[in-house]
Amino acid sequence: MPEITGPARVRFAPSPTGHVHLGSARTALYDYLLAKQTGGQFILRIEDTDRKRYVEGAEEELMTSLRWLGIEWDEGPDIGGPYGPYRQSERKDIYLKYAQQLVESGHAYYCFCTPHKLEQVHQEQQQRKESYHYDGTCRALDPKEAAARAASGEPHVIRFKTPKTGTTIVKDQLRGEIAIENSQIDDYVLVKSDGWALYHLAAMVDDHEMKITHVIRGSEWLPTFPLHSLIIRAFGWQEPTWVHLSVFLKPSGKGKMSKREATDLIKDGYSIFLKDLEGLGYLPEAVVNWVALMGWSYDGSTEFFTMPDLVEKFSLDRLNPSPAAINFTKLDHFNGLHIRNLDTNDLASRLVPFFEKEGFAVDFDKLVKIIPILQVRIATLDEAPQMAGFFFRNKVKPELEDLIAKGLTATESAAIAERCLRELRTLDDISPEKAEPHMREVVEAMGYSAGQVFGIMRVAITGQKVSPPLFESMEIIGKDTVFKRLEKAITQLRQAL
RNA sequence: GCCCCCAUCGUCUAGCGGCCCAGGACGUGGCCCUCUCAAGGCCAAAACCGGGAUUCGAAUUCCCGUGGGGGCACCA
């Protein structure tokens, strides 16, 4: 990590316009990792200068989602900090002051063109198949005169005075130097006619005032990256280290996910929104691990990482600049890995809401006993109720056809069930240590296969064809219930004759 | 249309001139284990976008194509 010499101050600066998605989550994660690794600060800043786009509750959801992931900020709108306020809507005057400074130094100018006029210009440009840009009318105005008009209250915006000629060279940490002709950079609006600053100005000002050392953001900022650099240079400030992350593509790899596609995903049990993932049965540990590896690698072979691992091992120079398709089946894999990494009580606690959601009254002590045989069998938490719900049910309702073992008749199956019940009753207890060896002898004596006999017992006792191991399950369910369920199955089989 | 970025198995990636007839992981197929399902173990199929150039030697460097992505607002 050659570039990092001291504690990094890194900011995550979302606008509160919707749900937090995987792309933002990854950016926030990398921000956080870099800050923690260097002993610096992770700052949360809300970019809400556009009041029209503000979504009620988005800021709260954002914080909840970040905290769910295990990302805590050192400075932010809710906890404050030495460089606040951390909400751009509360910093309006600061931006105005800096914009003024730019006008005075000749790096920006007042523009009185009306939206209507601009619309016309743009249409003409479109007809001539030219690219969309400001025609420069007000750039030629006398600064004194313009200042007077602005002071008199004439509606205006403030535009950046981009150099007409020359080339701007900027440096991205992942891609190296990027050169662009200044003629390609428009005279962007810095301050709107309502007095609110735009991202281009606000973010640069905040990053400077908040002493940000590394800016990690999405590659959608690459086209305006030179402009940002130019603004910073106009102020004479020092530039941060720039890191532009690639975008996430939909699973097919063909383009970004549309709003519609994102919504439809949930039908398959997946989502790109953090707020959905918890309910879908994903562990924040798994999401962090998975998302960290989309665009970053450690050594090309190690893949299991916890948050502390990542804090220790993350590095900017192992970031990959190419776009990555989201692979949800790999999330399932990581989730399984992290579920198996949880200790018993922890997993049990996390499982409780999923059982309750399915209407089960959970006996926590019993759930703890189930964990060892359930843990390796679920990839997501929401699979637990259907795999292990029978432990908490009073009655199970096996399908008749499932009670009849493969290749056998109902009569034979009933006889087997009766024999099993009789044999189990001779035992002091039905612990796996006692019951399994005994039942295997019985199976042998009867001349059937273990699969046939245990299959009948499984269906009778759990009501399912697929379940955790039979004998371990029986012990947890308890002798009385096991016998009762076997009796019922026998009756069910007899009645079918 | 203009500008910018990217390009290794289906997907995520390792590779930063010879160690590569390309390694790991997910997924897929097979086998083993096995009371079902998992987990685990073993094996297999599967990729350097195309063309030039540099070099004794290129997946790795440079051009040109092509493909993909992103951006072109008084949004962020």
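Letters go in sequence order (proteins before strands), and every chain restarts at 1. Keep in mind that this is a model prediction, so the values were computed, not measured. FYI, side chains are in, hydrogens and waters are out, and symmetry mates aren't considered; it's all heavy atoms of this structure.
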### Summary
Ranking B/G69, B/A76, B/U11 by distance to the side chain of A/A325, first place goes to B/U11
### Message
Need one value for A/W221: base, sugar-phosphate or nothing, where a base atom within 4.0 Å counts as base even if backbone is also close, heavy atoms only.
### Response
base
### Message
Under 3.5 Å for both donor-acceptor distances, Watson-Crick or wobble: does B/C2 have a partner, and if so which one?
### Response
B/G71
### Task
With the side chain of A/V247 defined as its heavy atoms from C-beta on, choose the nearest nucleotide among B/C35, B/A38, B/G70.
B/G70
### Task
Remember a base hit wins even if backbone is also touched, and classify A/S252 as base, sugar-phosphate or nothing at under 4.0 Å, heavy atoms.
nothing
### Summary
When both distances are under 3.5 Å in a Watson-Crick or G-U wobble arrangement, the nucleotide paired with B/U28 is B/A44
### Message
Counting the atoms with a prime plus P, OP1 and OP2 as sugar-phosphate, which does A/D194 contact under 4.0 Å by heavy atoms, base, sugar-phosphate, or nothing?
### Response
nothing
### Message
Counting only Watson-Crick pairs (N1-N3 plus N6-O4 or O6-N4) and G-U wobbles (N1-O2, O6-N3), all under 3.5 Å, who is the partner of B/A7?
### Response
B/U66
### Message
Within the 4.0 Å heavy-atom criterion, would you say A/G218 contacts the bases, only the backbone, or no part of the nucleic acid?
### Response
nothing
### Message
Of the options B/C75, B/C3, B/C35, whose atoms approach the side-chain atoms of A/E472 most closely?
### Response
B/C35
### Query
Nearest of B/C6, B/U36, B/G40 to any side-chain atom of A/P323?
B/C6
### Task
Check whether any side-chain N or O of A/T329 sits under 4.0 Å from OP1 or OP2 of B/C26, and answer yes or no.
no
### Message
Using a 6.0 Å cut-off, check whether atom CD of A/E60 has over 12 heavy atoms from anything other than its own residue.
### Response
yes
### Task
Would you classify A/L470 as touching base, sugar-phosphate or nothing, given that sugar-phosphate means primed atoms plus P, OP1 and OP2, and contacts are heavy atoms under 4.0 Å?
base
### Message
Please verify the inter-ring angle class for A/W242 with A/H244; under 30° counts as parallel, over 60° as perpendicular, anything in between as tilted.
### Response
parallel
### A/N182 and A/T168: side chain donor to acceptor below 3.5 Å
yes
### Query
Considering only heavy atoms and no angle criterion, is a donor-acceptor pair shorter than 3.5 Å present between the side chain of A/S193 and the base of B/C74?
yes
### Task
Scan A/D50 against the nucleic acid and name what it touches under 4.0 Å (heavy atoms): base, sugar-phosphate only, or nothing.
sugar-phosphate
### Query
When all nucleic acid strands are considered with a 4.0 Å heavy-atom cut-off, which category describes A/E303: base, sugar-phosphate, or nothing?
base
### Listed nucleotide nearest any side-chain atom of A/Q184, set B/C2, B/U11, B/C74
B/C2
### Nucleotide nearest A/P223 (side chain, heavy atoms from C-beta), chosen from B/A76, B/C6, B/G70
B/G70
### Message
Please classify the nucleic acid contact of A/P115 as base, sugar-phosphate, or nothing, using heavy-atom distances under 4.0 Å.
### Response
base
#### Entry: Candidates B/G24, B/U34, B/A39 - which lies nearest the side chain of A/K330
B/G24
### Message
Any base atoms under 4.0 Å from A/P469, or only sugar-phosphate, or nothing? Heavy atoms, all strands.
### Response
base
### Message
Check this for me, if you would: do A/K330 and A/E303 make a salt bridge, where the nitrogen-to-carboxylate-oxygen distance has to be below 4.0 angstrom?
### Response
yes
#### Entry: Touch class at under 4.0 angstrom, heavy-atom based, for A/L331 against every strand present
nothing
### Query
Which part of the nucleic acid, if any, lies within reach of A/P468 when heavy atoms closer than 4.0 Å are counted: base, sugar-phosphate only, or nothing?
base
### Query
With a 3.5 Å cut-off and just heavy-atom distances, do the side chain of A/R458 and the base of B/C35 make a donor-acceptor pair?
yes
### Query
With a non-hydrogen cut-off below 4.0 angstrom, is A/R318 in contact with a base, only sugar-phosphate, or nothing?
sugar-phosphate
### Query
Using the C1' atom in both, what is the distance from B/A47 to B/U8, to the nearest Å?
6 Å
### Message
Counting the atoms with a prime plus P, OP1 and OP2 as sugar-phosphate, which does A/G336 contact under 4.0 Å by heavy atoms, base, sugar-phosphate, or nothing?
### Response
nothing
### Closest non-hydrogen atom pair, A/F314 against A/W296
CA-CZ2, 3.5 Å
### Query
Is any NZ, NE, NH1 or NH2 atom of the basic residue among A/D194 and A/K92 found under 4.0 Å from an Asp or Glu carboxylate oxygen of the other?
no
